[in-house]
Amino acid sequence: MSAQHLDKKLVFISLIVLLALFLPVEGGRDFYNILGVDRRASTSEIKKAYRTLAMKYHPDKNPDDPSASERFQDINAAYEVLSDKEKKEIYDQHGEEGLKSQGGNQGGDMFSSFFQGFGGFGFQFGQAGGQGPREILRGATITLDLDVTMEDLYNGNVIQVARYKPVPKPATGTRQCNCHTEMKTVQIGPGQFQMSPRQVCEECPNVQFVNEEKILDIEIEPGMRDGYQYPFVSEGEPHVDGQPGDLIFVIKTQKHTTFERRDDNLYTNVTISLRDALVGFSMDITHLDGHKVQVVREKVTWPGAVIKKMGEGMPNYENNLTKGDLLITFDVEFPKGAFQEADKQDLIRILAQESKQHTYNGL
C-alpha cells in the first residue's frame with residue numbers, strides 16, 4: 001500500500017471518528033427542537049407547530065432558499081413521529097436510531113449524503129459525480145375556502161371533509177417519463193459544430209389515475225382566525241412524474257346572527273325599550289358555548305351606550321387561557337304615537353329637564 005493511499009485512508013478514518021464524537025446517533029435529529037415544542041407538548045400543540053412551520057418552509061414558498069427543502073423534510077419527519085403515539089414512545093426512549101431499528105425510515109442516509117464527492121478515497125457512498133440532483137416535479141397546490149361557524153372557532157371542533165383524490169394505479173404498457181432537454185452537438189462541416197436542443201425521455205411503466213375517497217380531519221382549534229391556512233402536505237393535484245402538490249384550506253368565518261369578531265374581541269348590539277333605558281334592566285346574552293352572560297343596568301342607558309364585559313370575547317389562539325372582551329352597544333326603541341297632555345306634564349316633571357336643541361355636524 002502506497003504512502004499516499006494510506007494517508008487517504010487515515011483521513012477517512014479520522015472523519016468517521018469525528019462524526020462519531022459529534023453525532024451521537026446516525027441521523028439523531030431532535031424532533032422536538034425542529035418543531036419548537038416542549039417534550040410535554042400536547043398533540044394539539046404539536047399539530048399547531050407543524051402547520052405553522054410547514055407553511056413557512058414549504059419549498060414552493062422558498063424557491064431561492066436551498067435549505068428550505070431540507071428543513072421542510074425535517075419538519076415532516078418530526079411531525080410523522082411526534083403525532084404518532086407508538087412512534088413517539090419509541091423515539092422518547094431510544095431516539096431516531098430506535099425508530100430505524102423498528103423498520104422506520106426517517107430521512108436519508110447520513111454517511112452517503114456527507115461523503116458524496118469524496119470519490120478519491122475509493123469508497124462508494126453516493127452517485128457518480130458530475131450529475132446534480134434532478135428537480136423534483138410537483139403537482140398543483142389546491143387552495144379552498146372552508147366556511148367555519150363562530151361556535152367552532154370559539155369551542156374548537158373537528159370538521160371532516162371528503163376528498164376525492166386522483167391516485168395513480170398500474171396500467172398496461174409503458175409511457176415516456178422524466179423528459180428533459182439536452183443539448184446535442186452535431187458537426188456540420190470541417191471544424192464547424194452546431195448545438196441544438198433535443199428532448200430525452202425515459203420509458204416507465206404506464207399508470208392511470210383513479211379517484212379514491214379520503215376523509216380529511218380538519219381540527220378547528222379555539223381562537224383560530226379568519227384567513228388561517230390549514231395545510232395537508234401532498235394532498236393536492238398529483239403529478240405523473242413527481243410528487244403531489246399540497247391541499248390548503250383557508251378558514252372563512254361564517255356570518256353570525258349575534259356576534260361579530262374583531263381580533264379577539266366580540267361585538268354585539270342590543271335593542272332595549274325606552275322604559276328599560278330610563279329605569280334600568282337585567283338580561284342574559286347566550287354565548288357561543290351556551291353559557292349566559294348577565295347584563296345588569298341600573299342607570300339610564302342612552303342610545304349608543306357601550307358596556308364592556310371583560311374576558312367574554314374569543315379565546316386567544318396562541319394562548320387559550322386568555323380571552324378578549326365582549327362589547328355590547330345599546331339601541332333604544334322609542335314608543336310611537338302621542339301622549340295625553342297630562343302624561344306629558346308628568347314626564348316633564350319626572351325628567352326634570354329643560355327643553356334643549358343643538359344643531360351640529362355629527363358626521
Side-chain angles (χ1 to χ4, degrees), residues 42-45 47-48 51-52 145-161 217-230 249-337 339 343 346-347 350-353 358 360 362-363:
S42 65
T43 302
S44 176
E45 291 171 331
K47 287 182 178 180
K48 184 185 296 185
R51 288 196 298 268
T52 302
D145 289 343
L146 181 68
D147 291 332
V148 181
T149 65
M150 193 87 78
E151 285 81 1
D152 287 343
L153 292 172
Y154 183 88
N155 301 296
N157 194 11
V158 176
I159 299 176
Q160 291 189 328
V161 176
D217 289 336
I218 304 174
E219 183 180 0
I220 306 301
E221 298 178 84
M224 274 187 173
R225 301 180 180 92
D226 198 68
Y228 183 90
Q229 294 186 347
Y230 197 109
F249 288 98
V250 180
I251 301 298
K252 295 296 181 183
T253 307
Q254 293 181 5
K255 185 177 179 61
H256 199 269
T257 56
T258 302
F259 300 105
E260 178 185 346
R261 179 181 184 177
R262 300 175 193 169
D263 296 325
D264 289 337
N265 293 330
L266 288 176
Y267 294 79
T268 191
N269 288 72
V270 173
T271 300
I272 59 177
S273 67
L274 178 61
R275 175 186 179 279
D276 290 340
L278 294 175
V279 303
F281 61 92
S282 175
M283 65 171 295
D284 291 332
I285 298 175
T286 303
H287 212 295
L288 295 168
D289 61 350
H291 82 270
K292 304 296 183 180
V293 178
Q294 189 177 43
V295 180
V296 178
R297 183 78 172 172
E298 297 180 351
K299 299 185 295 184
V300 172
T301 305
W302 57 93
V306 178
I307 291 179
K308 178 188 289 188
K309 303 294 287 187
M310 303 289 289
E312 290 289 357
M314 293 293 292
N316 181 269
Y317 179 57
E318 286 75 22
N319 181 10
N320 289 166
L321 297 178
T322 63
K323 292 182 179 180
D325 302 324
L326 171 61
L327 291 95
I328 308 165
T329 301
F330 290 94
D331 303 314
V332 178
E333 183 178 34
F334 284 77
K336 298 179 181 179
F339 289 98
D343 295 333
D346 288 340
L347 287 172
I350 293 171
L351 295 175
Q353 283 184 316
H358 177 57
Y360 67 101
L363 299 180

(message) Determine whether H287 and I285 satisfy the following criterion, side-chain contact (heavy atoms from CB on, under 4.5 Å), listing intermediate values before the conclusion.
(response) CA-CA 6 Å; H287 212 295; I285 298 175; over 6 Å; no
(request) Kindly write out the residues that satisfy side-chain hydrogen bond (donor to acceptor under 3.5 Å, both in side chains) with T149, not counting sequence neighbours, or none if the list is empty. (result) D152
(request) Return the set of residues passing ring-ring contact (aromatic ring centres under 6.0 Å, His included) with Y360 (not counting sequence neighbours), or none when no residue passes. (result) H358
(message) Holding to side chain to side chain contact (heavy atoms under 4.5 Å, CB included), I want the full list of residues that pass it with N155, two or more places apart in sequence or in another chain.
(response) E151, D289
(message) To the nearest 0.5 Å, what is the distance between CD on Q229 and OG1 on T52?
(response) 11.0 Å
(request) Return the set of residues passing side-chain hydrogen bond (donor to acceptor under 3.5 Å, both in side chains) with D226 (not counting sequence neighbours), or none when no residue passes. (result) T253
(message) In the structure I gave you, are the side-chain heavy atoms of M314 and D263 within less than 4.5 Å of one another anywhere?
(response) no
Per-pair distances, 0.1 Å, donor-acceptor, side chain in residues 272-280, under 3.5 Å, sequence neighbours excluded:
| residue | atom | partner | partner atom | Å |
| --- | --- | --- | --- | --- |
| S273 | OG | D276 | N | 3.1 |
| S273 | OG | D276 | OD2 | 3.4 |

(request) Can you tell me which residue pairs pass the salt bridge (Lys or Arg N to Asp or Glu O under 4.0 Å) test with a partner in residues 291-320, sequence neighbours excluded? (result) R225-E318
(request) Begin with the C-alpha distance, continue with both residues' side-chain angles, and end with the deciding distance and a verdict on side-chain contact (heavy atoms from CB on, under 4.5 Å) for L266 and L288. (result) CA-CA 11 Å; L266 288 176; L288 295 168; 4.0 Å; yes
(request) Please list, chain by chain and in numerical order, all residues satisfying ring-ring contact (aromatic ring centres under 6.0 Å, His included) with Y230, sequence neighbours excluded. (result) F232
(message) Any side-chain to backbone donor/acceptor pair from H256 onto F259? Under 3.5 Å, distance only.
(response) yes
(request) Of all the heavy-atom pairs spanning D147 and Q254, show the shortest one and how long it is. (result) CB-NE2, 3.4 Å
(message) Please enumerate all residues that pass side-chain hydrogen bond (donor to acceptor under 3.5 Å, both in side chains) together with D284, with sequence neighbours excluded.
(response) none
(message) Using the ring-ring contact (aromatic ring centres under 6.0 Å, His included) criterion, which residues pair with Y317? Sequence neighbours excluded.
(response) Y228
(request) Mind listing the closest non-hydrogen atom pair of S282 and Q294 along with its distance? (result) OG-NE2, 3.9 Å
(request) Consider only side-chain N and O atoms of Q160 and D217, and report whether a donor and an acceptor are under 3.5 Å apart. (result) yes
(message) Which residues pass the salt bridge (Lys or Arg N to Asp or Glu O under 4.0 Å) test with E260, not counting sequence neighbours?
(response) R262
(request) Tell me, please, which residues at least two apart from K47 pass side chain to side chain contact (heavy atoms under 4.5 Å, CB included). (result) T43, R51, Y79, E219
(message) Rounded to the nearest 0.5 Å, what separates atom OG1 in T322 from atom CG in D264?
(response) 7.0 Å
List the atom pairs, donor and acceptor, that lie under 3.5 Å between side-chain atoms in residues 323-337 and the rest of the protein, sequence neighbours left out.
| residue | atom | partner | partner atom | Å |
| --- | --- | --- | --- | --- |
| K323 | NZ | Y154 | OH | 3.0 |
| D325 | OD1 | G311 | N | 3.0 |

(request) Check M224 against L153 and note the closest heavy-atom contact, atom names and distance. (result) O-CD2, 3.5 Å
(message) As a quick check of understanding, evaluate side-chain contact (heavy atoms from CB on, under 4.5 Å) for V296 and F281, giving each step before the final call.
(response) CA-CA 6 Å; V296 178; F281 61 92; over 6 Å; no
(message) What verdict does the side-chain contact (heavy atoms from CB on, under 4.5 Å) test give for I220 and I159, after you've listed the backbone C-alpha separation in whole Å, the side-chain angles of each residue and the deciding distance to 0.1 Å?
(response) CA-CA 7 Å; I220 306 301; I159 299 176; 3.7 Å; yes
